[in-house]
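Structure first, then comments.
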Amino acid sequence: TIGSRQHFEVTWEIKVKNNGGASIPLVIKDQFPISNNAEIKVKHSDVEGAKIDDKTKIITWSFLQGIYGTKTMTFDYSVDYQNGMTLYIE
C-alpha cells in the first residue's frame with residue numbers, strides 16, 4: 001500500500017518439457033491484464049524471447065523445443081489502483 005493506492009506485483013512462470021524423441025515447433029500464448037479504468041494502472045515488463053501485441057497485450061513465444069529439453073518462460077506485471085476498489089488479480 002502506497003498512500004491511498006494499492007500496488008501488487010505478479011510473476012508467472014511457464015515450463016514446457018519435451019519427453020519425446022523429436023523436436024517440436026511450439027507457439028505459447030498468454031496475456032497481460034488490460035484495464036479500461038483510468039484509476040487502474042497496469043505496467044508490464046519486457047519479455048525475453050517473446051512478441052507482445054501493443055493493442056491486445058497478448059504475449060507470444062515461438063520456438064522449436066528440442067528433444068528431451070525443458071524451456072522456462074517468465075513474465076511479470078504490476079497493478080496500481082485506488083484503495084477501496086475490489087480487484088481479482090492473477
Side-chain angles (χ1 to χ4, degrees):
T1 304
I2 303 170
S4 63
R5 300 191 64 80
Q6 293 280 333
H7 181 83
F8 283 96
E9 294 186 8
V10 179
T11 300
W12 287 97
E13 181 178 86
I14 301 168
K15 288 186 180 184
V16 177
K17 183 175 182 180
N18 181 358
N19 291 323
S23 295
I24 303 169
L26 292 176
V27 176
I28 307 292
K29 293 188 177 203
D30 210 315
Q31 184 177 26
F32 287 113
I34 299 172
S35 173
N36 293 321
N37 183 333
E39 292 295 317
I40 302 170
K41 309 285 186 202
V42 179
K43 294 181 183 177
H44 64 79
S45 65
D46 290 330
V47 182
E48 187 176 330
K51 294 179 183 175
I52 302 170
D53 184 284
D54 290 332
K55 185 176 180 181
T56 64
K57 303 300 181 195
I58 291 176
I59 311 160
T60 304
W61 292 270
S62 297
F63 57 94
L64 185 65
Q65 181 61 47
I67 300 170
Y68 299 110
T70 301
K71 183 170 180 79
T72 302
M73 297 145 290
T74 59
F75 65 99
D76 53 64
Y77 57 89
S78 63
V79 180
D80 184 69
Y81 60 96
Q82 194 70 28
N83 276 344
M85 295 179 85
T86 301
L87 296 181
Y88 298 99
I89 300 173
E90 285 190 24

Apply salt bridge (charged side-chain N to carboxylate O under 4.0 Å, His left out) to residues Glu39 and Arg5 and explain how you reach the verdict.
CA-CA 10 Å; Glu39 292 295 317; Arg5 300 191 64 80; 3.6 Å; yes

Cut-off 3.5 Å, no hydrogens considered: what does the side-chain donor-acceptor table look like for residues 67-76, sequence neighbours left out?
| unit_1 | atom_1 | unit_2 | atom_2 | d |
| --- | --- | --- | --- | --- |
| Asp76 | OD1 | Ser45 | OG | 2.9 |

Answer yes or no: does atom CD of Glu48 have more than 12 heavy-atom neighbours from other residues, nucleotides or ligands under 6.0 Å?
no

To the nearest 0.5 Å, atom NE2 of His7 lies from atom OH of Tyr81 at 11.0 Å

Contact check, side chains of Leu87 and Phe8, non-hydrogen atoms, under 4.5 Å
no

For a 4.5 angstrom cut-off between non-hydrogen side-chain atoms, does Val10 reach Val79?
no

At their closest point, which heavy atom of Gly66 faces which heavy atom of Ser23, and how far apart are they?
CA-OG, 3.7 Å

Is there a path of hydrophobic side-chain contacts, each under 4.5 Å between heavy atoms of I, L, V, M, F, W or Y residues, that connects Ile58 with Trp12?
no

Rounded to the nearest 0.5 Å, how far does OG1 of Thr60 lie from CD of Gln31?
10.0 Å

Return the NZ to OG distance between Lys41 and Ser35, rounded to the nearest 0.5 Å.
8.0 Å

May I ask you to test the Ile34-Val42 pair for a side-chain heavy-atom distance under 4.5 Å?
no

Just to verify, which of Lys55, Lys57, Lys51 counts as forming a side chain to side chain contact (heavy atoms under 4.5 Å, CB included) with Asp53?
Lys55

CG (Asp46) with more than 12 external heavy atoms under 6.0 Å
no

Flag the pair Asp80 / Ser78 as yes when at least one side-chain heavy-atom distance between them is below 4.5 Å, and no otherwise.
no

Do Phe32 and Ile14 share a hydrophobic cluster, counting only Ile, Leu, Val, Met, Phe, Trp and Tyr and linking them when any side-chain heavy atoms are less than 4.5 Å apart?
yes

